[in-house]
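Quick notes on the structure that follows.
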Amino acid sequence: MTTASTTPSRIPALSRPVAVLGPTIAAVVANLIIWGIAKAAGVNFEITDNGKVDAVPPGGIVFITAVPMLVGLTAAVLLAYRWPGILRVAEIVGSVLAVLTIGLTIAADFDVSSTIALALMHLTLIPAIVIGLEGLRRKLAEEGRAA
């Protein structure tokens, strides 16, 4: 007699709404914490554009974190109805985009400390993306629909 053995995972099975909203909220909170710590350490988050100085406020951090996360995760979750294998592809693409968009921060006219803090914010998206989409993959596997 054989019994099926499953290896426990630290990533729980997640429903589609939780796989989108959970990682988005987690990334926003993490990035606001980074912003707050950096501000307390004296980072100014100021950018000079055509001689005009603007600062990145907390609302800007929320927006530039939440919008890409919501769009990307929603697209992956919706595509997973037809092609569950897209979830692994989306994990890779989302993670690569998070790293590549650090280049936009570097190209902008931020000081070094602001650039480092903002780059760290980009990197917080990676675990959020992977955990959210892996959680949905686990849910689909439990339902017998995962690839």
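Values reported hereafter were calculated over all heavy atoms of this structure, with side chains retained and with hydrogens, waters and symmetry mates removed.
Distance check, rounded to the nearest 0.5 Å: CG of Asn44 to NZ of Lys39 gives 6.5 Å. If you take CG on Leu79 and OG1 on Thr74, they are separated by 10.5 Å, rounding to the nearest 0.5 Å.
The stretch residues 109-134 participates, sequence neighbours left out, in these salt bridge (Lys or Arg N to Asp or Glu O under 4.0 Å) pairs: Arg88-Glu134, Glu134-Arg137. Counting only residues at least two apart or on different chains, the side-chain hydrogen bond (donor to acceptor under 3.5 Å, both in side chains) pairs with a member in residues 14-28 are Arg16-Tyr81.
If you chain together hydrophobic residues whose side chains sit under 4.5 Å apart, Ile92 and Ile131 never meet in one group.
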Atom pairs and distances, donor-acceptor, side-chain atoms in residues 98-106, under 3.5 Å, two or more places apart:
from, atom 1, to, atom 2, distance (Å)
Thr101, OG1, Leu97, O, 2.9
Thr101, OG1, Ala98, O, 3.1
Thr101, OG1, His122, ND1, 2.8
Thr105, OG1, His122, NE2, 3.1

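Exactly one residue among Val20, Leu87, Ile86 makes a side chain to side chain contact (heavy atoms under 4.5 Å, CB included) with Leu133. That residue is Leu87.
Taking Ile, Leu, Val, Met, Phe, Trp and Tyr as hydrophobic and joining them when side-chain heavy atoms fall under 4.5 Å apart, one finds Val18 in a cluster with Leu14. Through chains of ILVMFWY side-chain contacts below 4.5 Å, Ile116 is grouped with Val112. Taking a 4.5 Å side-chain heavy-atom cut-off between Ile, Leu, Val, Met, Phe, Trp and Tyr, the cluster of Phe63 extends to Val28, Leu32, Ile34, Trp35, Val43, Phe45, Ile47, Val56, Ile61, Val62, Ile64, Val67, Val71, Phe110, Leu118, Leu120, Met121.
Legend: residues meeting side-chain contact (heavy atoms from CB on, under 4.5 Å) with Ala27, ordered by chain and number and at least two apart, are Thr65, Met69, Leu125, Ala128.
The shortest heavy-atom contact between Ala117 and Ala38 is CB-CB, 4.0 Å. The minimum heavy-atom distance linking Ala90 with Ile129 is given by the pair O-CG2, 4.2 Å.
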